[in-house]
Amino acid sequence: MAKIEFDGVWKRFPDGTEAVKDLNLQVDDGEFVILVGPSGCGKSTALRMVAGLETISEGKMVIGDRVVNDLSPGERDIAMVFQSYALYPHMSVGDNMGFALKMAKIPKNEIEERVNKAADILGLTEYLHRKPKALSGGQRQRVAMGRAIVRNPQAFLMDEPLSNLDAKLRVQMRAEIAALQNRLGVTTLYVTHDQIEAMTMGDRVAVLKLGELQQVDSPQALYDNPDNLFVAGFIGSPAMNLAEGTVDDVDGEIRVKLGTLSSLKVNDKALERYPGLRSRVGGKVAVGMRPEHFFRADGSTPQDQMMPERNVTMVELLGSEVLVHFGTSASPIITEDMRQAVDDPEAFAEMEREAREGGQQFVSKMEPQDAPKVGDRVDVGFRADQMHFFDIETGLALR
Amino acid sequence: MAKIEFDGVWKRFPDGTEAVKDLNLQVDDGEFVILVGPSGCGKSTALRMVAGLETISEGKMVIGDRVVNDLSPGERDIAMVFQSYALYPHMSVGDNMGFALKMAKIPKNEIEERVNKAADILGLTEYLHRKPKALSGGQRQRVAMGRAIVRNPQAFLMDEPLSNLDAKLRVQMRAEIAALQNRLGVTTLYVTHDQIEAMTMGDRVAVLKLGELQQVDSPQALYDNPDNLFVAGFIGSPAMNLAEGTVDDVDGEIRVKLGTLSSLKVNDKALERYPGLRSRVGGKVAVGMRPEHFFRADGSTPQDQMMPERNVTMVELLGSEVLVHFGTSASPIITEDMRQAVDDPEAFAEMEREAREGGQQFVSKMEPQDAPKVGDRVDVGFRADQMHFFDIETGLALR
Amino acid sequence: TPGGDDDEAEGGEMVWAIGGSEAQVGGVHQTIAERWSEANPDNPIRIEILPEAADEQREQQALDLQAEAGGFDVLGVDVIWTGEYSENEWLESLEDIRGDIEAVTLPGPFETGIWGGELWAAPYNSNAGFLYYRTDLIDTPPTTWEELCQVAEEAGSAEGIAGFVGQGAQYEGFVVNWLEYYWGLGGELYNEDQSEVLFDVELATQATEFMADALSDCYAPGFNTSMEEEARNEFQGGNAVFMRNWPYAYSLIQEDTGSPANENFDIAPLPTFTGQGTISALGGFNNAVSAFSNNKEAAKEFVLWAATDPEVQATLATEASLPPTMASVYDDLADDPVMSLLGEVLSEAKPRPPAPQWNEISVTMQRALYPAYNGEGDPRSAAEEVLAFLEGTVGN
Amino acid sequence: MADTQIAPEPGTRAGAGPGGPRAAKRKGLSERALARVFVAPSVLLMALVALFPVIWAIVISLFLYTRRQQTGFGGLENYTDALTSGRFWDSVWFTFVFTVSSVTFEFLIGLGFALLMNQAFRGRGVTRAAILVPWVIPTVIAAQMWFFMFNVTPGFINNLLGLGNFNWLGQPGWPIFAVVFADVWKTAPFVALLLLAGLQTIPGDVYESARVDDAGMFQRFWFITMPLLKPAILVALLFRTVDALRVYDLPAVMTQGAFGTESLAILVREFVVRTPNPGFGAALSTLTFILVLGVGMIFVILLGRDLVIGTEGEE
Amino acid sequence: MSDTAPAPVEEVTRRGQARKNRRQGGVVEQRSTLQVWGKSALLGVILLWCLFPFFWLIMTSLKIGDRALNSPDLFQGPFGLQNYEAVFGQNFHLNLRNSFVVAGATTIICILVGSLTAYAIARLPLKRKILLLSGVLAVSLFPPVALVPPLYELWRNLGLLNTWEGLYIPYTAFTLPLTIFILMTFYASIPKDLEEAARVDGATPFQAFWRVILPLAAPGVFAAAIIIFVLSWNEFLLANTFAPRNPEIAQTVPVAIAAFTGAVPFQRPIGTITAACVIVTIPMIIIALIFQKRIVAGLTAGSVKG
Ligand SMILES: Nc1ncnc2c1ncn2[C@@H]1O[C@H](COP(=O)(O)OP(=O)(O)OP(=O)(O)O)[C@@H](O)[C@H]1O
Ligand SMILES: Nc1ncnc2c1ncn2[C@@H]1O[C@H](COP(=O)(O)OP(=O)(O)OP(=O)(O)O)[C@@H](O)[C@H]1O
Ligand SMILES: [Mg+2]
Ligand SMILES: [Mg+2]
């Protein structure tokens, strides 16, 4: 077992792409760290650098207490689940899983035992003798998983290992991986796009954007206290609603005004978390509101905790909950930063248009029994203590 | 545009594997049907049969009003996103996306226009000149997407097209696909493991298990009224809690007793949906309870709508909500059916053990503010109208 | 006499490097080697069989000799290699046995062993060209080339077959054929001791022009791609009236009872342009002693024996139809039609000059004259080219 | 596993400095060293066999000879002689024409064969072997055979086509055709074999994509097969070209170099074997070598661009 | 042109399925009888093209008698096995043995040594690869006839004349470039991820090569093996120089064939040559038949996503 440390690590591809920029991240011995970030932000590259599959353009990579920059992958003693699986096509599923053990000269019967056990866990027992090409996509992914979990390495590197599994299996696998990691105490770096995995599996979550580390913290901390707009917008699904707000001081009570209509009270709890807000009175800030903190207002809801008569534009039934989209006159946030995070010129253009028109859609999560219909005008409440505030230019939280 | 019809379709692989068994499914003209099912249940195979990439062992495949069993893929005029992407490694991203158009002899400038538009949507504009091998996994998947969406075919076939994208991009893509499908009115068959995609994108959802179609219905109907235990357990994440219950008639009030402790009232609403339950008084049935229908009971909760003093064994914070696992003495359901659905002998063995010991863990979804701590003993309420009942042997809903 | 460094190596087995069909097991060279070994158990001789093609034989000998490896003691050398080998100092001079050999050998073949006035190779077997003709189509063989061509055309077209076949492909055989015309016109290449060029451009042009004309008249189709075997096959298959070829064809045609030519052919000396006498190019192989041999004395004895022992020489003729070089043998072979004709022809046959440059000369002639007779070049300038080259060879 | 905090790498722990990270010592061979070890045997073997003779040949090409007798140092005289001789340029021209035409046809036919051999049908194995037959026949014998085929005597082709006594080998123009024809017959299977092997490397799912994209058979061939087959094509063309540039047997046996069919290799052999002039022969060899290598380099660079660059060390 | 989708033979041999499942993955393709006939006809033409001359060889080798052998009529008798008897009367089995040893050794060494080098060039970090490749190529490009005299000298000094080693060593050296180029393209076509997976699994670079890359390059390896074997089997120049005589020692088949002579000087031994040629061609056809089985598509199918 060993810690993994990125010490000012850069990756430049021959064509000049900088996939990882000055990454500083320490994964402690036995820790389980989740790596998240938009597609193409350098997660796989970072993992591959740990594994020794990409040269390190600059900086130091440390595993245990060895600088491993020049060590070959085999010498690093890590197990990896490749995003592309990279199964050995000429070997049966069993041989694929046992290959690393065979290389480590583990006795045959022990190999068999460990492979069978892993196959059990992964539900691959009946496919042990098949070649990868006769497997379904998810089965292949499980084989890739199996190749890692039969081992007992210094570190696990897993690159979206569950992305092609069905929900049920994924739940099971999550539990298995967590249990395994717990039992072996193996340092683990885990890439995922699944918010649930990100929030539940790891000790800490590291958020990358365009090769740059944004924030590393425990999942809940990340969720509750995002360091900047990007993290705020990235963590959580559906994403946090972000809008331009004007800060007012009404009789010593700080309020934010979104667009033309609403003026919401910022309560003390929120002010405690964002003390920087006080100095912004009269100015504009970025306001973040998570969908699940909206609720269907009723008579008892104070006026300064709700946006009255919102026009419902879309209702998505998710079974256990409902996503209600409604219109606001709040201007969306447009920073260069956002622009990059959106990574999609057209969406950006639309946002700009919306900004000009001074209005955007908010998404709220409501109880199914509270669900309005499209076209309804509803009063939408918001929990005053749950607001987030960021500098509109730098995107940094107003702490 | 054209309907797609599976008419008693079978697929047997040369090694004898029956990947699709007697599939009867009609996707209407312009309809958006989602195909879900456990890993390896034959979803990709079904799609590939529509595309003409797998021969049909038995049955008829109809697109529009032509039997296409013997038509080559090209003649079927369908666009497909492959689960494995199948990008052209020697072509740039732009050429990959434009290839089908080039084959269709679309003028160059129009190709360029359409490719640029798709690249915009997919956030690939800056990669248009790269070769696939210099892309990240998610970027490759987007190229695969792009290859399909530049076209205007009779049908879209999409095999987990968003599985490797981050949450944010996925939300965007979902919207784009839905909009595109709406705009073009193209019949679409869409495979996914993502519950949200399954629940929000399609007109109908088809559930496959081991090659057999289980149920086809609108997402909400599927969620609310699963036809059998398998669908009940498969749709929804976290999955529905399933346990053996004894049906009692207490003064004309139907109750179910789970394990030794609790006896829950079945209210009229539930009875309306499961009239078959009445005839089972005194017998055992399978009871299904969705996690989101639990709540933290308080003084006002009637005794017959709660399980008192449950031992909290795990609490998962998901940000917007909390999963609370608690112990019960309810016996789990073990049918051959279940066994197959679980597809994992070890998990099965554990379930059997639990069954002997007469107890299993339930998962509930609660508001973060209601979250107990591990080790707490809490009273867990359940919404009496939301119970599901199935025959314990056949797994069929007791309608 | 040679140096004494080989004294201690005196005795032991000798190696005779010779190729061709007769070197194979059962061939006459083997018989002769066995005969020698029986008579000289101290210095037996063994054959290293060289490949069939002359160029290959020469190449293999050259590798050994160039390396001064001494792997070969006795070398079977083509009559045209004498000068080259001696100039390379690969050969032991045979001057001390010259007299014995010269006394009994036909002059033509003997000359082929001489270079720079010295004897380097002992004559072993010889060869000369014949005119084969169809006795059923013509009565008497023509004596001039013009006549031959005319008769060939007439008889050929009457019969629906070709007139004349010979060696017309671009290779050494073509040079031989051309020289036979050129010599037949009275031309010469060099003077006696090869110190002066006597090449006559006029005659050479005539010879080439004759061939060029004949190519469209009396030569068989494919004449310009035919070698010995192609010629024989055409004649033997009954497709030609005349053939210029070596004696080997005789027995083959005679044995082929299915051939239209079988029983219906005869041989005659090659014609000339004057109708006088006959001229043929000489072929054959001589035996030389390697300068790197460890056993030169015995080797010399062997080559002398092979050149002068009447029994050996007779065996060549009787067992293998190889033309002997020893004059007296022909007297005993008078009733063999081939041998008797050979006896006649050989005395007038001309060796190609065994100069060291012969290969270059031959190549030059091929490259100049072959296109010329094929209408691809001017015969006169081709002849001038040859002359120029020949003159270059006498300077050094 | 040990319960130590520190990486339990036996043998490396002893040297672990307290606290701070340190550069780890390598164990075993680094990739770079291994690469050298992998390359070494080939290089040694090839150097052992080829280096000395090539250097020797290049050295003697600087000396003047009269036949086999060295007559002194000549510097580049042999080269200037060669480059100013019409015979040299004639043979360069023939070699060039031969190479271009034979390689073109070999490639086209070989590609066709390869595509055929790649099909699934009963008797494919036998067909594959049958297609290879021309190539396994020793060249000299094949050359002899084609001489018999084309020559007036015995005249198989004339017989077959009823051409009477058409003199394929004995009139200007046609001998080149005959030689090229024989070479194409003989070596198209070689190209086919290489391309067949190359076809196996093309992933099947790309074809599925292409079918779905409604690419017809020809389009799949042109847009998918050809580009993905490029490395194999380059290798096949490379070795066919350099071999064709050094063709010897076919013209030597079929025409003896007559009617402008003297190839560079025939010329070289002329001066090495038939009319030996080691210096001049070596100079001709060196010129041939430079020419062939020059052409070969074009392919190597094309190939290298495809295959090698990018895997090269990044420093 | 034909389609190039991978098409393993096994599937074809299941006759019932064969009609529907023509190719792997069972891509649907319509086949009219016309197409079938067209393809069969094409196949026929190709086989005729390839095999007619070989047929000529066989017919000629069976002919006896001088004139039959030289006749343009393939069926002009008389026929008999005398030519074959004559061939084996000349210790030809020893030549076959020599050729087998020499070609076999060349093939094995070439594949072993060449594989490693090709792998290093295709995948391992090396500087100046293009230069190395050019050097490798250059080795085989010098006109061999010019290399013969110095090599002869060298071999004589090393005592390698008339030995098997004396032949397969230079053969290996001169065939290595081809081997390296062929295998290099193959290794380069194998997804890099596989090897990376192996390295992560603790395989040394050599093990990764040996256990993962090499098996997947089988089509290339076997194609190369066929080529090397045939080239060294048929090599003439060096064999004729370094071991020109003595079947007991090292004379190879082509040299032996070239040494065949007619019954009398000048006579061309067509009968025995063709017979020998048929004899030596058959082992190579068998080898090609065996090796070609390994030239199959789709070896890397299912290994990587994307
Ligand atoms: N070529 C083949 N030969 C034999 N069995 C196969 C072959 N291809 C797939 N299968 C099997 O058929 C079943 C269905 O495969 P399919 O790829 O359709 O699954 P899927 O539903 O797409 O699964 P996933 O969600 O994992 O992609 C699987 O059990 C698989 O193992
Ligand atoms: N070989 C390469 N050459 C140039 N750029 C590359 C190369 N490989 C990856 N990249 C680029 O580097 C960036 C990071 O890639 P990486 O694979 O690490 O992304 P990722 O975070 O894993 O994304 P995903 O979630 O889509 O898998 C991407 O923008 C990608 O386009
Ligand atoms: Mg990635
Ligand atoms: Mg699938």
Item to check | side-chain contact (heavy atoms from CB on, under 4.5 Å) assessment of Val49(D) paired with Trp155(E) | outcome: CA-CA 10 Å; Val49(D) 175; Trp155(E) 258 217; 4.1 Å; yes
Checklist entry - Do Leu238(D) and Leu137(E) pass the side-chain contact (heavy atoms from CB on, under 4.5 Å) test, and can you show the C-alpha distance, the side-chain angles, and the key distance before you say yes or no? => result CA-CA 10 Å; Leu238(D) 164 61; Leu137(E) 179 68; 3.8 Å; yes
Checklist entry - Which is it for Thr60(E) and Phe148(D) under the side-chain contact (heavy atoms from CB on, under 4.5 Å) test, yes or no, and what are the steps along the way? => result CA-CA 11 Å; Thr60(E) 309; Phe148(D) 289 144; over 6 Å; no
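Here the NZ atom belonging to Lys39(E) is positioned 9.5 Å from the CZ atom belonging to Phe121(D), to the nearest 0.5 angstrom. Put simply, CD1 on Ile109(E) and OG on Ser42(D) are 11.0 Å apart, with the number rounded to the nearest 0.5 Å. Atoms OG1 and CE, from Thr274(E) and Met145(D) in turn, are 11.0 Å apart once rounded to the nearest 0.5 Å. Considering CG of Leu34(D) and CZ of Phe209(E), their distance stands at 10.0 Å, rounded to 0.5 Å. Within the model, atoms CD1 of Ile290(D) and CG of Leu141(E) stand 12.0 Å from one another, a figure rounded to the nearest 0.5 Å.
Shown here for Ala35(D) and Pro125(E), the closest heavy-atom pair between the two residues is CB-O, 3.6 Å. Across Phe186(E) and Gly198(D), no two heavy atoms sit closer than the pair CZ-N, 4.0 Å. Annotation for Ala173(E) and Met46(D): closest pair O-CG, 3.7 Å, computed over non-hydrogen atoms. For Ala223(E) against Leu193(D), the heavy-atom pair with the smallest separation is O-CD2, 3.9 Å. Pairing each heavy atom of Ala297(E) with each of Gln200(D), the nearest pair is N-OE1, 2.8 Å. Of all the heavy atoms in Ser134(E) and Leu293(D), the pair that sits closest is O-CD1, 4.2 Å.
Taking 4.5 Å as the limit, some side-chain heavy atom of Ile182(E) sits within range of a side-chain heavy atom of Leu194(D). A heavy-atom distance below 4.5 Å is found between the side chains of Thr286(D) and Phe142(E). In this structure the side chain of Leu231(E) reaches within 4.5 angstrom of the side chain of Trp135(D), judged on heavy atoms. Side-chain atoms of Leu48(D) and Ile169(E), non-hydrogen and from C-beta on, do get closer than 4.5 Å to each other. At a threshold of 4.5 Å between non-hydrogen side-chain atoms, the residues Ser140(E) and Val242(D) do not count as touching. The closest side-chain heavy-atom distance from Thr201(D) to Tyr187(E) is not below 4.5 Å. Between Phe299(D) and Leu133(E), the closest side-chain pair of non-hydrogen atoms is not below 4.5 Å. Proximity of Pro149(E) to Val272(D): side-chain heavy atoms (C-beta onward) are separated by under 4.5 Å at one or more points.
Ranked by non-hydrogen atom pairs under 4.5 Å with chain D, the options Pro219(E), Ala146(E), Pro254(E), Ala138(E) are led by Ala138(E). Taking chain D as the reference chain and counting heavy-atom pairs below 4.5 Å, the highest number among Pro191(E), Ala120(E), Gly220(E), Ser115(E) is found for Ala120(E). Each of Ile270(E), Leu216(E), Val278(E), Val253(E) has some count of heavy-atom pairs under 4.5 Å with chain D, and the biggest count is that of Ile270(E). Most heavy-atom pairs under 4.5 Å with chain D, from the set Thr172(E), Leu42(E), Val136(E), Val148(E): that is Val136(E). In terms of heavy-atom pairs under 4.5 angstrom with chain E, the leader among Arg269(D), Arg36(D), Met117(D) is Arg269(D). Options Leu132(D), Val54(D), Thr288(D) differ in how many heavy-atom pairs under 4.5 Å they form with chain E, and the most are formed by Val54(D). Between chain E and the residues Val268(D), Ile131(D), Val273(D), the largest count of heavy-atom pairs under 4.5 Å involves Ile131(D). Chain D forms the most heavy-atom pairs under 4.5 Å with one residue out of Val145(E), Ile273(E), Ile227(E), and that residue is Ile227(E). In terms of heavy-atom pairs under 4.5 Å with chain D, the best-connected choice from Thr281(E), Leu299(E), Leu178(E) is Leu178(E). Note: Pro41(D) leads Pro41(D), Ala188(D), Pro278(D) in heavy-atom pairs under 4.5 Å with chain E.
Using a distance-only test at 3.5 Å, with no hydrogens or angles considered, a donor-acceptor pair links the side chain of Arg128(D) to the main chain of Gln292(E). Within the 3.5 Å criterion, the main-chain N or O of Val136(D) finds a donor-acceptor partner in the side chain of Asn234(E).
Of the atoms belonging to Ile190(E), not a single heavy atom falls under 4.5 Å from chain D. Within the 4.5 angstrom heavy-atom criterion, only side-chain atoms of Leu132(E), from C-beta onward, approach chain D. Contact annotation for Phe113(D): only side-chain heavy atoms (C-beta onward) come within less than 4.5 Å of a heavy atom of chain E. Within the 4.5 angstrom heavy-atom criterion, only side-chain atoms of Trp56(D), from C-beta onward, approach chain E. Phe291(E) does not touch chain D: none of its heavy atoms, backbone or side chain, sits under 4.5 Å away. Looking at Ile287(E), there are no atoms closer than 4.5 Å to chain D (heavy atoms on both sides), in backbone or side chain. With a 4.5 angstrom heavy-atom cutoff, Thr300(E) does not touch chain D via any of its atoms. With a 4.5 Å cut-off on non-hydrogen atoms, Ile286(E) does not touch chain D at all. For a residue to count as touching a neighbouring chain, one of its non-hydrogen atoms must lie under 4.5 Å from one of that chain's; by this rule Leu237(E) touches chain D with the side chain only. For chain E, the nearby part of Ile141(D) is the side chain; its heavy atoms alone come within less than 4.5 Å. Heavy atoms closer than 4.5 Å to chain D are found in both the backbone and the side chain of Pro177(E).
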Please tabulate, for side-chain N and O atoms in residues 45-57 of chain E, each donor-acceptor pair with protein atoms closer than 3.5 Å (sequence neighbours left out).
none

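In this pair, Phe38(D) and Phe206(E) present their aromatic rings perpendicular. The plane angle is above 60°, beyond the 30 to 60° band.
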